[in-house]
Amino acid sequence: MLRIQGAVSWRGHHFFSLSNGTKQWGWLAAREVWATRPGLFGRLSIGPEDLGFSAYGGNRRIWGLGEYPGRRHVYAVRLPRFSRPPGIPGLDED
């Protein structure tokens, strides 16, 4: 069962780390303000925890870490530019 472990928000985009137990990969879910439900964005470490966000120099990254002994990695996930529906300005501006 996937469980939310961490969350971070940036300019109308919400990201969640989803844990899937001690032996399976976690997931990064993304949800835009205008979306009706989240979508899975990518795979994370086993036991993902808190999330952080940085956008220096246009290099957008979500930072995360693993919670289990022997798997306590710190890592960054690069994010692409997001598309947005007309009428919602500013999401792609750095």
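For clarity, every value in this text was computed on a predicted model and none was experimentally measured. Quick note: numbers below take in every heavy atom, side chains included, and nothing from hydrogens, waters or symmetry partners.
In this structure, Phe16 CZ and Leu44 CG are separated by 13.0 Å, a value rounded to the nearest 0.5 Å. Taking CD1 from Ile46 and CH2 from Trp25, the interatomic distance works out to 5.5 Å, rounded to the nearest 0.5 Å. Separating the CZ atom in Arg78 from the CG atom in Asn59 is a distance of 7.0 Å, to the nearest 0.5 Å. One finds the OG atom of Ser17 at 7.0 Å from the CG atom of Asp50 (value rounded to the nearest 0.5 Å).
Between Ser45 and Gly66, the closest heavy-atom pair is OG-CA, 3.7 Å.
In this structure, the side chains of Leu51 and Leu28 come closer than 4.5 Å at one or more pairs of heavy atoms.
For Gln5, the side chain to side chain donor-acceptor pair (under 3.5 Å) partners are Glu49, Glu67, not counting sequence neighbours. The side-chain contact (heavy atoms from CB on, under 4.5 Å) search around Ser9 returns His14, not counting sequence neighbours.
Sorted by first and then second residue, the ring pair (Phe, Tyr, Trp, His ring centres under 6.0 Å) pairs with a member in residues 50-72 read Trp10-Phe53; sequence neighbours excluded.
Of the possible polar contacts, none joining the Arg3 side chain to the Gly21 backbone as a donor-acceptor pair under 3.5 Å is found.
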